[in-house]
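Worksheet for the structure shown next.
As a basis for the values below, the full set of heavy atoms in this structure was taken, side chains included, without hydrogen atoms, waters or symmetry mates. Note that the numbering runs from 1 along the sequence shown for the chain.
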Amino acid sequence: MDENQTEFVREFVLAGFSQTPAIEAGLFVLFLFFYVSIWVGNVLIMLTVVSDNCLNSSPMYFLLGNLSFLDLCYSTVTTPKLLADFLENEKLITYDQCIVQLFFLHFVGAAEMFLLTVMAYDRYVAICRPLHYTTVMSRRLCCFLVAASWTGGFVHSIVQTILTNHLPFCGPKQVDNFFCDVPSVIKLACADTFVIELLMVSNSGLISTSSFVVLISSYTTILVKIRSKEGRQKALSTCASHLMVVTLFFGPCIFIYAWPFSTFSVDKLVSVLYNVVTPMLNPLIYTLRNKNVKSAMWKLWDRSGLTKKKQET
């Protein structure tokens with residue numbers, strides 16, 4: 001395949017969800033609600049953690065604030081473009097924009113996987129080694145682990161992006177999804193993608209599956225090590241929110257990236273789950289099950305109310 005052929009495709013067409021204007025108008029309103037909810041929920045958690053000294057000094061809530069930031073970034077990679085496409089007849093994306101979207105999707109997504117693993121380790125230390133918790137999970141170590149999560153996501157994404165960018169694309173050019181991702185894009189390549197798909201599984205599929213196994217093993221170990229019934233119930237209550245987040249995020253990722261050489265009719269719906277729904281539900285899961293976060297939010301609300309009254313007087 002020569003260079004002229006590889007450069008033939010300058011833009012892709014995103015399949016989206018529907019070609020019916022009435023349906024797309026309804027979907028626009030629905031996804032706009034989702035996106036606004038993502039912003040409100042995650043920004044509120046970040047503000048709460050930053051404004052409350054007790055939460056900000058706690059490793060668990062420091063990591064939670066970082067998770068909210070990642071959720072915000074993750075949904076922003078795809079949702080604004082999706083909302084714009086609902087208002088357009090032709091859902092076009094240039095080749096360069098497609099590669100950039102693919103890069104940031106895997107960058108932030110992999111960073112979130114690693115951060116969730118760090119949060120599992122944090123819960124393990126807090127429950128199984130409570131006397132050493134503040135010493136082990138120091139702010140310096142937390143910052144290092146967060147930086148390592150971002151670095152791991154960057155390295156993973158660079159590999160995925162380089163492998164995809166080196167493929168020749170000369171048609172067809174319709175991406176069977178509402179955003180650019182490795183599985184849907186490489187199927188459009190004018191070349192044998194067998195090796196690329198194997199590398200995709202060894203990279204994305206292995207990371208998501210192995211991280212999920214490590215997380216589940218970690219939480220299982222926590223429950224096994226606690227002998228008393230009351231202690232186990234308390235630990236289960238503490239870890240329940242983490243387990244819900246892990247399942248909602250990793251389940252769809254494993255479904256998409258751990259099955260090479262095949263495309264499923266429900267891929268778009270699964271993509272919506274981990275791109276839009278999970279970042280929206282995470283704030284609800286953590287705030288509804290966490291008394292400390294709810295208490296800090298009420299304090300933040302009270303302070304903002306007092307500030308308004310002072311300004312009025």
Side-chain heavy atoms of Phe179 within contact of Leu82, under 4.5 Å: no
By salt bridge (Lys or Arg N to Asp or Glu O under 4.0 Å) - contacts of Lys81 (at least two apart): Asp85
Phe114 and Trp150 aromatic centres sub-6.0 Å: no
Side-chain heavy-atom pair Glu24, Phe86 within 4.5 angstrom cut-off: yes
Considering all heavy atoms, the nearest Gly153-Ala110 contact: CA-CB, 3.7 Å
Test side-chain contact (heavy atoms from CB on, under 4.5 Å) applied to Val43 and Leu47, step by step: CA-CA 6 Å; Val43 169; Leu47 287 175; 3.9 Å; yes
Closest non-hydrogen atom pair, Ile158 against Phe103: CD1-CE1, 3.9 Å
Step-by-step side-chain contact (heavy atoms from CB on, under 4.5 Å) determination, Gln97 to Phe12: CA-CA 10 Å; Gln97 289 173 341; Phe12 293 110; over 6 Å; no
Residue Phe104 excluded, over 12 heavy atoms near CZ under 6.0 Å: no
Residue that, paired with Pro279, satisfies side-chain contact (heavy atoms from CB on, under 4.5 Å) out of Leu70, Asp71, Thr79, Leu72: Asp71
Steps toward side-chain contact (heavy atoms from CB on, under 4.5 Å) verdict (Phe250, Leu116): CA-CA 10 Å; Phe250 280 90; Leu116 287 170; 3.6 Å; yes
Qualifying residues under ring pair (Phe, Tyr, Trp, His ring centres under 6.0 Å), relative to Phe34, sequence neighbours excluded: Phe31
Derivation and outcome, side-chain contact (heavy atoms from CB on, under 4.5 Å), residues Leu14 and Asn177: CA-CA 6 Å; Leu14 299 174; Asn177 213 325; over 6 Å; no
Path from Val277 to Phe33 over hydrophobic side-chain contacts below 4.5 Å: yes
Which atom of Ser37 lies closest to which atom of Met280, heavy atoms considered: CB-CG, 3.8 Å
Side-chain donor/acceptor of Ser184 to backbone N/O of Cys180, under 3.5 Å: no
Of Asn282, Thr76, Val276, Leu281, the residue whose pairing with Ile38 passes side-chain contact (heavy atoms from CB on, under 4.5 Å): Val276
Closest approach of Thr78 to Gln101 (non-hydrogen atoms, all atoms of both residues): CA-NE2, 3.9 Å
Within 6.0 Å of CZ in Phe154, more than 12 heavy atoms from elsewhere: no
Geometric cation-pi criterion, Arg139 with Phe62: 6.0 Å, 45°: yes
